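Given the structure is predicted, the values throughout are model-derived calculations rather than measurements. Whatever order the structure lists ligands and atoms in, that order sets their numbers, starting from 1. The residues of the chain are indexed from 1 along the displayed sequence.
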Amino acid sequence: MTVSAKAVEQKVRNGLSRNAEWDSPMFRLAQQQFLKAAEVMNLDENVRERLLFPQRSLLVSFPFRRDEYSQVETAFGYRVQHVLTMGPTKGGIRYHEDVNLGEVSALAMWMSWKCALMELPFGGAKGGVAIDPTTFSRTELQRLTRRYTMEIINMIGPDRDIPAPDLGTNEQVMAWIMDTYSQQVGYAVPEIVTGKPIVLGGSHGRSEATGRGLVFLIVEAAKHLNLNLKESTAVIQGFGNVGSNVARFLAEAGVKIVGVSDVSTGVYNPKGLDVNAVSEHVRDHKVLNGFSNGDHVTNAELLELDCDVLAPCAMQNQITGENASRLKCKLLAEGANGPTTLEADQVLYDKGVFVLPDVLGNAGGVTVSYFEWVQDIQELTWSLEAINDRLHKIMVGAFQRTLLRSQRDNLDMRTAALIEGIDRVAQAKLLRGLFP
Ligand code: NAD
């Protein structure tokens, strides 16, 4: 029996009211994007319904000790695996106070489409802990990370589910996860996580891969749009792993960086910011606040600055139906996951803004994570040049496939990218068939 798209939407609504555990604005966004793409591609309705929900979701609560010995707190942690059809699952771990099951599930779903779009042999996963890591000492963060790893240890594994860094986590956190897992099995297992320090089996080029990959795409998009990058300006929201590297590589490509921001503030300088000076300031002071060589702007104002390229590289839900019409960029290059709502997508499409959607835009990270995993399981080391060459080839290939589909079928770039990914996952599901 088949059902119409409307009936599927109704099922989503019913499903969400039945399964309120997953419901959140971000999970709804991921589902709506998926349903829009599924409708355009006329996706098999049974597969459509199956892919709307993650296959496995784990919610744990666990105690950890603050540096004040008598102070014990309880944290909530998550690990979600969306699709287990094509190989191990892969996805980052996020530490942020707003993390919840719905957010992690949305991120896991996007990881499925992203890995498939890049033709990597993974399904999507994601994890997180609902804490504000900026209020944690290093020793507190280590204890929390080790305990969280133990809580999810039955779900992860080098051939099951391989975590990586995301918002609020970094290569040190990956090193603690690797150590905790290795202590349990009794020997070193570098391939349990990616985004590790290089001395522990990390890959050359991984830490900057997401930013580098996005800039590879911006260069391709600029060619397509006839935009001379050497005469262009860019604004970047977020100055962490992704944002700072996007700023660095864009500046190296000759783009004038006129605005940057982080959680503390935004800075605007129409004459151009010195990216090295901004990086040094953030390294020394942890935040952008206090950087003097420019005018202060809020994060909301930053998004509406005059520029050719706008790169949101911080949080979800930044470009909405409310502010999209005031954006002035020609190219929106999404480093963050889920920065743009469905309503904003329509406004941007009507305005003719070219979008590099998140599933494509930030896929450089998981691509070099894949390289790291391959190197670890084969006990090989690739050079930075080899990694960057392979990354470039994969990013440009995915860009061209997406652009071709968007032009051929008259689609926005997000829908085209999602269809590229979803189609591959759906084919794999249908080929494996239904158990039992
Ligand atoms: P990060 O923790 O290194 O940096 C986050 C940055 O965002 C910081 O500068 C922080 O101050 C800023 N920020 C936080 N809240 C903000 C707010 N409300 N307004 C403005 N700025 C804010 O994280 P990251 O690894 O750079 O990740 C950023 C985004 O990129 C996330 O959406 C993440 O999912 C996505 N992403 C990261 C990777 C990766 O390899 N790290 C890969 C793919 C996607």
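The closest protein non-hydrogen atom to atom 39 (C) of ligand 1 is Thr210 OG1, 3.5 Å. Of the protein's non-hydrogen atoms, Val242 N, 2.9 Å is the one closest to atom 26 (O) of ligand 1. In terms of protein heavy-atom proximity, atom 30 (O) of ligand 1 is closest to Gly335 O, 3.4 Å. Protein heavy atom closest to atom 4 (O) of ligand 1, with residue, atom name and distance, is Gly240 CA, 3.2 Å. The nearest heavy-atom contact from the protein to atom 11 (O) of ligand 1 is Val263 N, 2.9 Å.
Ligand 1 has Arg94 within reach: a non-hydrogen atom of the residue lies less than 4.0 Å from it.
Counting non-hydrogen atoms of neighbouring residues, nucleotides and ligands closer than 6.0 angstrom, the NZ atom of Lys328 exceeds 12 such neighbours.
Of all the heavy atoms of Asp262, the ones lying under 4.0 Å from any atom of ligand 1 are found in both the backbone and the side chain. Proximity of Arg206 to ligand 1, defined as any heavy-atom pair under 4.0 Å, is confined to the side chain (atoms from C-beta onward). Heavy atoms from both the backbone and the side chain of Asn362 come within less than 4.0 Å of ligand 1.
By the 3.5 Å distance cut-off applied to N or O atoms, Gln237 is not counted among the residues near ligand 1. Looking at Gly365 next to ligand 1, no N or O pair under 3.5 Å apart turns up. Among the atoms of Asp166, some N or O lies under 3.5 angstrom from an N or O of ligand 1. Any N or O atom pair closer than 3.5 Å counts here, and Asn241 shares at least one such pair with ligand 1. For ligand 1, the polar-atom distance check against Gly243 finds no nitrogen or oxygen pair separated by under 3.5 Å. For ligand 1, the polar-atom distance check finds an N/O of Phe239 within less than 3.5 Å of one of the ligand's N/O atoms. Residue-to-ligand polar distances keep Thr169 apart from ligand 1: every N/O pair is separated by 3.5 Å or more. Looking at ligand 1, you'll find an N or O of Ala314 within less than 3.5 Å of one of its N or O atoms.
Against a heavy-atom cut-off of under 4.0 Å, Cys313 is close to the following atoms of ligand 1: 28 (C), 29 (C). Interface of Met315 with ligand 1, defined as ligand atoms under 4.0 Å from a residue heavy atom, comprises 15 (N), 16 (C), 17 (C), 18 (N). Within ligand 1, the atoms closer than 4.0 Å to a non-hydrogen atom of Gly168 are 2 (O), numbered from 1 in the order shown.
For the side-chain hydrogen bond (donor to acceptor under 3.5 Å, both in side chains) test with Tyr95, the passing option among Thr145, Asp166, Thr169 is Thr145; the others fail.
Between Arg424 and Glu420 no salt bridge is recorded (no basic side-chain N to carboxylate O distance below 4.0 Å). A salt bridge links Arg414 with Glu334; the closest basic N to acidic carboxylate O contact falls under 4.0 Å. Using a 4.0 Å cut-off between charged nitrogen and carboxylate oxygen, Glu220 and Lys223 count as a salt-bridge pair.
Defined by atom type and a distance below 3.5 Å, a donor-acceptor pair is missing between the side-chain atoms of Thr134 and Lys286.
In this structure, Phe136 has its ring center closer than 6.0 angstrom to the ring center of Phe64.
Residues passing the side chain to side chain contact (heavy atoms under 4.5 Å, CB included) test with Ala222, sequence neighbours excluded: Leu227, Leu229. In this structure, the side chain to side chain contact (heavy atoms under 4.5 Å, CB included) partners of Asp409, at least two apart in sequence or on a different chain, are Arg405, Leu411.
To the nearest 0.5 Å, atoms CZ (Arg79) and CZ (Arg56) are separated by 12.0 Å.
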Working note: Leu303 + Asn323, criterion side-chain contact (heavy atoms from CB on, under 4.5 Å); need CA distance, chi angles, decisive distance, verdict. CA-CA 9 Å; Leu303 297 173; Asn323 65 0; 3.9 Å; yes
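Residues Ala314 and Ala336 share a closest heavy-atom pair of N-CB, 3.6 Å.
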